[in-house]
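Everything below concerns the one structure shown next.
Just so we're on the same page: letters track the sequence lines, and every chain starts at 1. Note that the structure is a prediction, hence the values are computed from the model and not measured.
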2 protein chains.
Amino acid sequence: MSPRRVTLADVARTAGVSPTTASLVLSGRGRELRISQDVEQRVLKAAAELQYRPNIVSVGLRTGTTRTIGFISDTVATSRLAGDMIKGALEAARERGFMLFIGETEGDAELERLLLQAMHDRQVDGIILAAMFTRTIRVPKGVTVTPAVLLNALPKQPSPLPSVIPDEVEAGRAAARALLDAGHREGIYLIGAGPGRRNVPAGGSVAAVERLVGIREVLADAGVKPAGGRVCRDWQPEHGLAATRELLKKERPRALICFNDRLALGAYQALDDFGLKVPADVSVVAFDDHPIASWMRPRLTTVALPHYELGRKAVDVLFTQIGRDREDDGGEGEVHRVPMPIRLRESIAPPAA
Amino acid sequence: MSPRRVTLADVARTAGVSPTTASLVLSGRGRELRISQDVEQRVLKAAAELQYRPNIVSVGLRTGTTRTIGFISDTVATSRLAGDMIKGALEAARERGFMLFIGETEGDAELERLLLQAMHDRQVDGIILAAMFTRTIRVPKGVTVTPAVLLNALPKQPSPLPSVIPDEVEAGRAAARALLDAGHREGIYLIGAGPGRRNVPAGGSVAAVERLVGIREVLADAGVKPAGGRVCRDWQPEHGLAATRELLKKERPRALICFNDRLALGAYQALDDFGLKVPADVSVVAFDDHPIASWMRPRLTTVALPHYELGRKAVDVLFTQIGRDREDDGGEGEVHRVPMPIRLRESIAPPAA
DNA sequence: TCGCACTGCTAATCCGATTTAGCAAACCTG
DNA sequence: CAGGTTTGCTAAATCGGATTAGCAGTGCGA
């Protein structure tokens, strides 16, 4: 062990005052409690010289606040997306002098319970419950004893917890608008879900439902109707490949709205198989802004999931919860929607004449 | 706030004993200190009924151990790779009842200092210093006051800290062996580094150096010499594309060893441009097992970076450090090498006759 | 019957801060 | 100059456990 941490008592001793006085000065309440300028200076000087830093564990025991928040997600590692959420949360927390505990449940309710316990045992000041893919989740009981926020998730049952989610409806609108802006009116097909409002994959994906709503709304407003669509059970490249191949056997699309970038990757392959060029023959727009989107040739225009911003926002919302005097815990939690910016790249062109 | 946490005093009261006795029983030292069976049972029963859980903050203050470890990396979010490392560390820690603080320095030494401070202030029991890309790092002073481990990194200056890194040399051997096993002897080109021992990109990438060593060793042992190689300044798809195009203008390779999967993605594109088929015309093997490796067509054979295992191993090593009585802190830190498994997929075939 | 060892438990202290209650000295005030 | 107020600081309690020192009560031998 190093030469032992410097404690408040050490500071008090070198300043020649009592620990009480030292504490008062260092917590900024010295003026208020009539500590003289002289003593104040001595304490400050001693603290600086000794490089005193309060022991947060001790403060935590006494005051109950540990300047720590718990971040529990269903999956951290599956994609870089979660990493960005964590990063956003991390930075927002750090700016306030807070640290993050992280935990991963892998969808296991028992593990979730254990993690929540472990965090409560460490007296976290608040908890962020994050989902990798936007979806509704069952809010575990025992979360509400502490300020908490749902991140990228909505409560399955009514709950007072606030949520932070991407604005998927607006994202759908943006994708559709991008095609309309390029002049597309016909031959617009959807890959992954649609064309009907109900044509969504099972599993309660919020993204599928809301993106579809936004797309249909903008198209309808422009008097355009999607020429067709394929629901994909899962949104992996192979499904995009299969669905697009299927489509190309019978139809000749002018534009594809793929429900995520991985589907679009498969769609590119299928288009290539049929000798169709992106974007000259077929325009493609997708969602997520996964790293592959900028590796694909031509680079894919896509509506980005703002993971970093979601993480930051969750911390912001959590802090307003912490700040609040938790009287008003009745009612439904607010839902905060974070904008999804469109990344215009090379996969959209005006329809060939 | 919930109905207040149950404390040891509560347990003692309902069991009708002193807090001391309750503490003794619950810490398992009851037998040793001659607490009667009867009392022991009463305490246990009371604890179970009240669902008592010790307040770790309090224990931390008294004993100095918080069942918490700090995980500081240069980048969390840039790739899913870090996510897997964190996941491995997370699970290994959880199995021992430990939680993880995470922090991200983004290469900023000042931020690193602040994070280390923040973690020390919270009395972490140990620290993992992780790098995203295997490399040598300057060990910040002040780390050694606590048990610590370098993850995916080697100390730049001599240091007593142990390191956990992927076994890149063996990975290089495995990649070369895979080609030899398929019957390749000629026209083997390296993309990203090589062919000479010194032909590595600037920046001190451990991966470049060690993979190259392993590749050259196995090839040399088989009496084979690489037909050529291209150093790529950065290992992104566009560099792989450019380097491979350059190569194909003059040469007709039979096999490519790409120094990572993203280079291989570019190489695939270049090969396609020249009308060459993988693996019929050219076999390709790479490193990392990035998610794209299994999305590429044909699916890429690659030597996997064992991020998950690296994370686990770092925690294991850290615990032996924590367990140790830190007398023997002289000498160099041990280096633990984690095997990199090869993922055989579809991108290697015997050379055409 | 006294002293001693042992058994079984508890009182008191400590970890490092915050916070409440209060005390001595200086200063007024009439 | 006694009595009250202010000023400026400190003692002591507290948070929730772990740990050390020690205290009754019993049994046993001399």
Side-chain angles (χ1 to χ4, degrees), chain A residues 1-2 4-44 46-47 50-68 97 120-123 125, chain B residues 1-44 46-47 50-68 120-123 125:
Chain A
M1 277 298 147
S2 64
R4 200 177 59 79
R5 273 186 75 93
V6 174
T7 72
L8 184 62
D10 297 328
V11 173
R13 200 172 315 118
T14 62
V17 299
S18 74
T20 307
T21 306
S23 172
L24 257 26
V25 170
L26 293 174
S27 63
R29 310 207 305 138
R31 201 52 56 79
E32 172 193 344
L33 280 165
R34 309 175 310 239
I35 300 296
S36 67
Q37 298 272 342
D38 171 47
V39 167
E40 176 166 348
Q41 288 310 312
R42 284 206 326 263
V43 171
L44 257 22
L50 299 177
Q51 301 197 53
Y52 168 71
R53 320 202 75 238
N55 178 329
I56 297 195
V57 175
S58 168
V59 175
L61 180 57
R62 180 64 231 249
T63 67
T65 140
T66 50
R67 306 186 75 72
T68 296
H120 281 143
D121 293 348
R122 287 170 176 77
Q123 308 233 103
D125 298 321
Chain B
M1 276 299 146
S2 64
R4 200 178 58 80
R5 274 185 74 94
V6 174
T7 72
L8 184 62
D10 298 326
V11 174
R13 200 172 316 117
T14 62
V17 299
S18 73
T20 308
T21 305
S23 172
L24 257 25
V25 169
L26 293 173
S27 64
R29 311 207 305 136
R31 201 51 57 80
E32 174 194 342
L33 279 165
R34 310 174 308 241
I35 301 295
S36 67
Q37 299 271 341
D38 171 49
V39 166
E40 177 166 348
Q41 288 310 312
R42 284 208 325 265
V43 171
L44 258 21
L50 299 177
Q51 301 199 53
Y52 168 71
R53 321 203 74 239
N55 179 328
I56 297 195
V57 175
S58 166
V59 175
L61 180 56
R62 178 66 230 249
T63 67
T65 139
T66 50
R67 306 187 74 72
T68 296
H120 281 142
D121 291 349
R122 287 170 176 76
Q123 307 234 105
D125 298 320

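In this structure the side chain of B:L8 reaches within 4.5 angstrom of the side chain of B:L26, judged on heavy atoms.
Nucleic acid contact class of A:S36 (heavy atoms, under 4.0 Å, all strands): sugar-phosphate only. Contacts of A:V57 with the nucleic acid, taken as non-hydrogen atoms under 4.0 Å apart, are absent.
An angle of 80°, rounded to 10°, separates the two end axes of the helix from C:dT1-D:dA30 to C:dG30-D:dC1, each defined over five pairs.
With sequence neighbours left out, B:R13 forms a side-chain hydrogen bond (donor to acceptor under 3.5 Å, both in side chains) with B:D10. Scanning for side chain to side chain contact (heavy atoms under 4.5 Å, CB included) contacts around A:R31 gives A:Q37, A:E40, with sequence neighbours left out. Taking B:S27 as the reference, B:R29 meet the side chain to side chain contact (heavy atoms under 4.5 Å, CB included) condition, with sequence neighbours excluded. For A:D121, the salt bridge (Lys or Arg N to Asp or Glu O under 4.0 Å) criterion is met by B:R5, B:R53, not counting sequence neighbours.
Counting only residues at least two apart or in different chains, side chain to side chain donor-acceptor pair (under 3.5 Å) contacts with residues 14-26 of chain A comprise A:S18-A:T21. Here side chain to side chain donor-acceptor pair (under 3.5 Å) pairs that include residues 58-68 of chain A, with residues two or more places apart or in two chains, are A:T68-B:R122.
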Please list each protein N or O that sits under 3.5 Å from an N or O in nucleotides 15-18 of chain C, with the distance.
from   : atom 1 : to    : atom 2 : distance (Å)
C:dC15 : O2     : B:R62 : N      : 3.4
C:dG16 : N3     : A:S58 : OG     : 2.6
C:dA17 : OP1    : A:Y52 : OH     : 3.0
C:dA17 : OP1    : A:N55 : N      : 2.8
C:dA17 : OP2    : A:L8  : N      : 2.4
C:dA17 : O5'    : A:Y52 : OH     : 3.4
C:dA17 : O4'    : A:S58 : OG     : 3.2
C:dT18 : OP2    : A:S23 : OG     : 2.7
C:dT18 : O2     : A:R62 : NH1    : 2.1

Between the protein and nucleotides 22-26 of chain C, are there any N/O to N/O pairs under 3.5 Å, and if so, what are the atom names and distances?
none

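B:E32 places its CD atom 15 Å from the C1' atom of C:dC9, with the value rounded to the nearest Å. Rounded to whole Å, the distance from CZ on B:R13 to P on C:dT10 is 14 Å.
Closest approach of A:L61 and B:V57 over heavy atoms only: N-CG1, 3.5 Å.
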message: side-chain contact (heavy atoms from CB on, under 4.5 Å), that's the test. Do A:Q51 and A:V6 meet it? Break it down for me.
response: CA-CA 7 Å; A:Q51 301 197 53; A:V6 174; 5.9 Å; no
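Distance check, rounded to the nearest 0.5 Å: CD1 of B:I35 to CG of B:L24 gives 5.0 Å.
Of the options A:V17, A:L33, A:V11, A:L44, a side chain to side chain contact (heavy atoms under 4.5 Å, CB included) to A:V25 is made by A:L44 and by none of the others.
Taking every nucleotide of DNA chain D with any atom under 4.0 Å from a non-hydrogen atom of chain A, the first and last of them, 5' to 3', are D:dT7 to D:dG16.
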